[in-house]
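Worksheet: the structure to be examined is printed underneath.
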Amino acid sequence: MYNSTKDKKGDRLLWGDEVECMVVEVDEDARTAKLSLRQAQILEDLEKAERAGELRDDNVSFHPEYGRYMLESTPSKPFSGEFEDLLQVEPNMALRRRIARRHMNENEIPLTLTSYPMLGAGEFCDPYTGTGTNNPASRSFFLPDEIINPHARFPTLTANIRWRRGEKVAINVPIYKDERTPDPFVDPTVPWNRDIFPEDANAREGAALRDHVYMDSMGFGMGCCCLQLTFQATDIDEARNLYDQLAPLTPIFLALTAASPAYRGYLSDQDARWNVIAGSVDDRTRTERGVDPAPPDWATHTHNSSPVIPKSRYDSIDCYISDTNACLAASPAHYNDQTLVVNNKVKDRLLEAGFDDLLATHFAHLFIRDPIVVFQELLEQDDAVDSDHFENIQSTNWQTMRFKPPPPGEESRIGWRVEFRPMEIQLTDFENAAFSIFIVLVTRVILSYNLNFYIPISRVDENMRQAHSRDAVNQSRFWFRTNIFPDDGKTAVGTYKQLTVNEIINGCSSAGFIGLVPLVRKYLHSMNVDLETLCQLDRYLQLVSKRASGELCTTATWIRNFVRAHSDYERDSRITQSINYDLIQTVNKITKGHGWDDPEVAASLLRGCKDFA
Ligand code: ADP
Ligand code: MG
Ligand code: MG
Ligand code: MG
């Protein structure tokens, strides 16, 4: 299939977003907010409307997700690169929200929250069936299996990840130590001395850490919502370059969109979801995680080049893949500075089929993972025309970037694409549109000016860790390349500096870096965009710019401040049902308003920023 699509040329820029949301059920009399598990009924209803032609002119499409309270929406036809098309994004996202809402019950609302603060705390969903021995897939202490999309794929993924790993997944995020948080913090909601399923490594065997919020199920990660963007490149070379150039930006945009400061009823000491999902699907065995030594005969059990695999299958990318970029070509080992585990058998086969070494390495690296779910009736495939087995591996390597080959059978229609996957979902359509449009414009800038953002992969990893920390936008520094123009690139090895997000986004003259927003503005002016469109686009650039400068706070900071300012909050990191209820109602109001253009909302967000100690 690669050989029949690798020379495909001249595809135009098409792109589309994926917005995930949660369905929350609000009871104003009881003052409760719960996740509604009616995904299937809502989607069925939406499908009915679609079949009846009701959504014909709307360019919207809805999809199921892991959580039974989640919905994903996309434009049904991708957007083009035309500037006027960019102005369709926010109305399209708003329309998706309105249509979804129309097919929900009166007391249900679609909210674009990244992590649901009460997920796994008390009776957080409706219906709530409790935990214990009646949830065989996850065996979670906290999440009933009923929150998992019941399609066979999802409970099977959950059970097989646990089975392959040999124990339940264990996610520990540091607790936010507030004035009255016990020190050390030993979570009273963790059943420390109880083995519900004796065959699992349980809390008392060290899976749960003190001073942390412990989570033990795939749903804690896969039940988070995010914002993803897919771009079509003109050909495979452009796609490979774009994949590489966007990779160093992924931690920066994780920090800038951070929106998940709370887990399982507690404030955490981190703002972003990424490592929670990484932990929630970490199916590596003890040997693969480097906990147990490899048996002497390990090589007879695997085609992998090493018994140890450094990262979860949900993690940041491990290697750059462009073979046309002079900068990477001049010092490949400098940038690809991590020893990569590959599936040797797959790599040999790809090389034999004509793949160059870099691309063979990229795909052979994906194939170090086992397929975790295979449907019996789909086991036998004609691999010359059907990409099911490949997609099975590809779609369960959840990395910061994804390199998407053209699907078979539609060669003439869909080209080589790359997906940008780190961003957290924002409360309003305005913000989600702003970040989507900004990344689209950054891709245009990268290609027009032939920019190089390469830094060694190990430093991207370091940035990724930094991006999780509380208020990373204002408190952390990130490795960034400052000589990004092609003339500078001749030196091949870049100049890397530790910059703040503000310096990266808005520029820093002392570091000799122009900044991404000024670059985008320069590009827009050179393109003769009409004034009206320019003004409209500038609203989005302003949001990105002000987030980076700290003038506006991140969603995570805003949520943290909301909780801390609530009259029921006891300064002990605990989020009660009533705090959560008021948070949900306020988020709903913000979502329905005019986003951050609304002076009242903007003021509260600005205030939130200043209140942050
Ligand atoms: P996945 O879940 O596999 O990442 P989805 O199908 O949910 O992908 O979403 C992909 C996004 O890409 C959607 O917004 C869709 O509109 C958009 N899209 C569809 N076709 C193309 C294309 N040829 N090029 C770029 N984007 C596309
Ligand atoms: Mg999708
Ligand atoms: Mg999704
Ligand atoms: Mg996607």
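Residue numbers run from 1 in the order of the sequence given. All ligand and atom numbering here is 1-based and tracks the order in the structure. Quantities reported herein were computed from a predicted structural model and do not represent experimental measurements.
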Run the salt-bridge test on [X] and [Y] with the 4.0 Å N-O cut-off and return the result as yes or no.
X      : Y      : answer
Asp370 : Arg164 : yes
Glu431 : Arg547 : yes
Asp17  : Arg96  : yes
Lys168 : Asp216 : yes

Are [X] and [Y], when compared by the centres of their aromatic rings, separated by less than 6.0 Å?
X      : Y      : answer
Phe430 : Tyr540 : yes
His362 : Tyr243 : yes
Tyr454 : Tyr320 : yes
Phe124 : Tyr116 : no

| said: Looking at ligand 1, is there an atom of it that comes within less than 4.0 Å of some heavy atom belonging to Arg417? | reply: yes
| query | Quick one: does Glu72 get within less than 4.0 Å of ligand 1, heavy atoms only? | reply | yes
| said: Below the 3.5 angstrom mark, is there an N/O of Glu18, backbone or side chain, next to an N/O of ligand 1? | reply: yes
| message | Any nitrogen or oxygen of Ser76 lying under 3.5 Å from a nitrogen or oxygen in ligand 1? Just yes or no. | response | no
Relative to the heavy atoms of [X], which atoms of ligand 1 are at a distance of less than 4.0 Å?
X      : result
Lys404 : 1 (P), 3 (O), 4 (O), 8 (O)
Ile414 : 23 (N)
Glu419 : 4 (O)

| said: Using a distance threshold of 2.8 Å, state whether an N, O or S atom of Glu18 lies below it from the Mg ion (ligand 3). | reply: no
| query | Can you tell me the angle formed at the Mg ion (ligand 3) by OE2 of Glu20 and OE2 of Glu65, to 10°? | reply | 90°
Write out the residue and atom name of the closest protein heavy atom to [atom], then the distance separating them to 0.1 Å.
atom                    : value
atom 12 (O) of ligand 1 : Thr230 CB, 3.5 Å
atom 27 (C) of ligand 1 : Pro78 CB, 3.7 Å
atom 14 (O) of ligand 1 : Asp17 O, 2.8 Å
atom 24 (N) of ligand 1 : Gln232 CB, 3.2 Å
atom 16 (O) of ligand 1 : Pro75 O, 3.2 Å
atom 25 (C) of ligand 1 : Leu14 O, 3.2 Å

| Applying the side chain to side chain donor-acceptor pair (under 3.5 Å) test to Arg97, which of Thr112, Asn92, Thr428 qualifies? | Thr112
| said: I'd like to know if atom 3 (O) of ligand 1 has any protein heavy atom within a distance of less than 4.0 Å. | reply: yes
| task | Please determine, by modelled atom types, if Asp126 and Ser36 share a side-chain donor-acceptor pair under 3.5 angstrom. | result | no
| remark: Of all N, O or S atoms in Glu72, the one closest to the Mg ion (ligand 2) is OE2
| Is ligand 1 under 4.0 Å from a heavy atom in the side chain of Asp11, in the backbone, in both, or in neither? | neither
